[in-house]
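Below is one structure, written out as structure tokens; the observations come after it.
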Amino acid sequence: MVKSCKASLDPSVCEMLEKARNTGVETVWDRYEAMLPQCGFGETGLCCRHCLQGPCRIDPFGGEPSKGICGATADVFVARGLDRAIAAGAAGHSGHARHLAHTLKKTAEGLARDYTIKDRGKLRAVAERHGIPVENRSDDEIALDLAQAALSDFNEKETPVTWAANILTEKRVKVLSEQGLLPKGIDYEIADIMHRTLYGTDADPMTLIQAGLRTAMADLAGSYIGTDISDILFGTPQPVVTEANLGVLKADAVNVAVHGHNPVLSDVIVGVAQEMAAEARAAGASGINVVGICCTGNEVMMRHGIPACTHSVSQEMALITGAVDAVVVDYQCIMPSLATVAECMGTKLITTTDVARIPGAIHINFREETAGENAREIIRIAIENFVRRQGTPVNIPARKSRVVAGFSVEAIVNALAKLNPEDPLQVLIDQFVSGNIRGVCLFAGCNNVKVPQDQNFVAVARRLLKENVLVVATGCGAGALMRHDFMDPSKVDELCGDGLKAVLTAIGEANGLGGPLPPTLHMGSCVDNSRAVALTVAIADRLGVDIDKLPVVASAAEAVSEKAVAIGSYAVAVGIPTHVGVMMPVVGGPEVTRVLTDKVRDMTGGYFIVETDPDAAAEKLLAAIDERRAGLGLRVPGGARR
């Protein structure tokens, strides 16, 4: 069996990478090596191409040139670059949210026959949070008003974005209001950033950072909308048992991989695949095997138990097995290289949205009104491809991990209620006080080809779990940990400290599991970082403190996407110390770097921890947790109560 390699800690990925190189199929790692050495100016953020006089670059060591052609300084360079990354990330999440809001609207209007309201309780709870009447009203009436409320949050308003202002603690809203960080409208803030960073506009690094954090809060609003509406339409996740890694593919089945971030089509594909199983068997297959890649995979995993094939930087490896008949993509984090790899390996790549067209792919124009029809067309393409690939050898690595996924906030509260029905959150608070739970860390973000895949996630999570830190995870960060058994309840003894082990065991047994919860709780896709914020807010409200007082931290240990930059920035804005495990393109601006890693604490209570060494990162996250424990008067491990 192939062991881990320089590219990845995952033996399955290493096995497929070896096959790719032996057969001449180019992968992301090959393209990265060909790109070395990368531009040092770009890595530090000291490159600007925002006007046609450039590109300009600034000497990172204080020499000449010290300014751009227009006179912009290093701090202006990096602040503008940071802002544009936040704006792009916010545009991605808000585009996802807008799509879901329109789907909810069409469902309520009876225009999308393949969709229904799956969680009536969540519909009413979200509506009440937004002041929408629910008494003596139909689901469709409530849903239509809620969809309109969501869509109105994209426009500039006299009052702040409601999905930002009514989801946080009162104290946090006050802080954000005083600092000018409450967004006026999701689309408005994105447009404002693009205006500010236009040639000859804002040249004050501090106002640029302020605008970036405000846009990051718009990103949180978009993510929260996406989570709320997904739960309403497709069901609020509850724990499910499934599997992860390339071993979930089946040589004798029609393998359909759903990839991207939005569940609007993939959720329908899961249902249609079950309906069309007989058609697949008639073609000689054992059935239809739907698997997930990246966050679309997380969406169908936590609601339907669909196994995760792979995530993020290793997405090409799924195709290199030769067993994938169709990859169906919606949008975001989809490598254009999939078209070339698909052609080499005999896989059908199918795009479904106008915002993510890829030359060489089959395009099916997905619409909610024709979702079932679109899904059946996709499944038939996959079945036809299965017939064509018969007799062609496939190489499916045997490795797969057991995964317990689907820990929405509602699921966590329900589990805690088995121990304390009247006050479920008191269970967590008691464990914080006793020290059985030292703190909480959210792992989020991507895999980065600059880091051996999963290395930072595994190293930091392993250390924190041993130190009794409760670990929750979303997105491809969750994917990294699930592939390495961090979501397998049988690994609690191996991975967790005694205090955390006792807590996970007590909750698991109280819920009739006959054993503990998994070491890491899977909370969903990238937009579902909003769930982590919601859980943090619930605990803060229960304690009567603001978020920045809680022993809660976050880590994007292998960040890649501009969405990760936006997520990290809103985590800092709501008051959470946030680790980034790759070098951010702002370090060339000394004042901006000081603000983001230190001075921003005076504004929001949160701050960035930029640390590429995973062992050092774990120490810094533990220090941040312990500082907050001390602030609450709780015992700090190795020290007295302060």
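Predicted model only: the values in this text are computed from it and were never measured.
With respect to the salt-bridge test (charged N to carboxylate O, under 4.0 angstrom), the residues Glu467 and Arg463 qualify. A salt bridge links Glu26 to Arg31: at least one charged side-chain nitrogen sits closer than 4.0 Å to a carboxylate oxygen. Comment: Glu384 does not engage Arg380 in a salt bridge, judged by the lack of any side-chain N to carboxylate O separation of less than 4.0 angstrom. A salt bridge is absent between Lys491 and Asp488; no separation between the charged side-chain nitrogens and carboxylate oxygens falls under 4.0 Å. Using a 4.0 Å cut-off between charged nitrogen and carboxylate oxygen, Glu373 and Arg367 do not count as a salt-bridge pair. Taking 4.0 Å as the cut-off between side-chain N and carboxylate O, Asp485 and Lys400 do not count as a salt-bridged pair.
A pairwise comparison of heavy atoms in Cys333 and Lys563 identifies SG-NZ, 3.7 Å as the closest pair. Of all the heavy atoms in Leu500 and Asn468, the pair that sits closest is N-OD1, 2.9 Å. The minimum heavy-atom distance linking Val254 with Ala285 is given by the pair CG2-CB, 3.7 Å. Taking all atoms of both residues into account, the shortest heavy-atom contact from Pro11 to Leu9 is CD-O, 3.2 Å. Nearest heavy-atom pair, Phe366 versus Ala371, reported as atom, atom and distance to 0.1 Å: CE1-CB, 3.6 Å. Listed here is the closest heavy atom pair of Asn385 and Val324: ND2-O, 4.4 Å.
Atom CD of Glu343 is surrounded by 12 or fewer heavy atoms from other residues, nucleotides or ligands within 6.0 Å. Counting non-hydrogen atoms of neighbouring residues, nucleotides and ligands closer than 6.0 angstrom, the NZ atom of Lys250 reaches no more than 12 such neighbours.
A donor-acceptor pair under 3.5 Å is formed between the side chain of Thr23 and the backbone N or O of Lys19.
Partner of Val451 under the side-chain contact (heavy atoms from CB on, under 4.5 Å) criterion, out of Thr612, Val582, Val560: Val582 alone.
Classification of the Tyr115-Phe234 ring pair by plane angle, with boundaries at 30° and 60°, yields perpendicular.
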If you apply the rule salt bridge (Lys or Arg N to Asp or Glu O under 4.0 Å), what do you find for Asp30 with Arg21, and how did you get there? CA-CA 9 Å; Asp30 300 315; Arg21 287 175 174 168; 3.1 Å; yes
Run the salt bridge (Lys or Arg N to Asp or Glu O under 4.0 Å) test on Glu377 and Lys348 for me, step by step, so that the C-alpha distance in whole Å, both residues' side-chain angles and the decisive distance to 0.1 Å come before the verdict. CA-CA 13 Å; Glu377 182 180 359; Lys348 298 300 181 184; over 6 Å; no
Please report the C-alpha distance between Asp267 and His304 in whole Å, then the side-chain angles of each, then the deciding distance to 0.1 Å, and finally whether the side-chain hydrogen bond (donor to acceptor under 3.5 Å, both in side chains) criterion is met. CA-CA 9 Å; Asp267 205 270; His304 303 287; 2.8 Å; yes
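When side chains are defined from C-beta on, His96 counts as touching Pro263, because their heavy atoms get closer than 4.5 Å. The shortest side-chain heavy-atom distance between Leu504 and Cys496 falls under the 4.5 Å cut-off. Proximity of Val341 to Val25: side-chain heavy atoms (C-beta onward) are separated by under 4.5 Å at one or more points.
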N/O donor-acceptor pairs under 3.5 Å from side chains in residues 288-295, not counting sequence neighbours:
residue, atom, partner, partner atom, Å
Asn289, ND2, Val248, O, 3.0
Asn289, ND2, Asn255, OD1, 2.9

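For the cysteines Cys14 and Cys5, the sulfur (SG) atoms lie within a distance shorter than 2.5 angstrom of each other.
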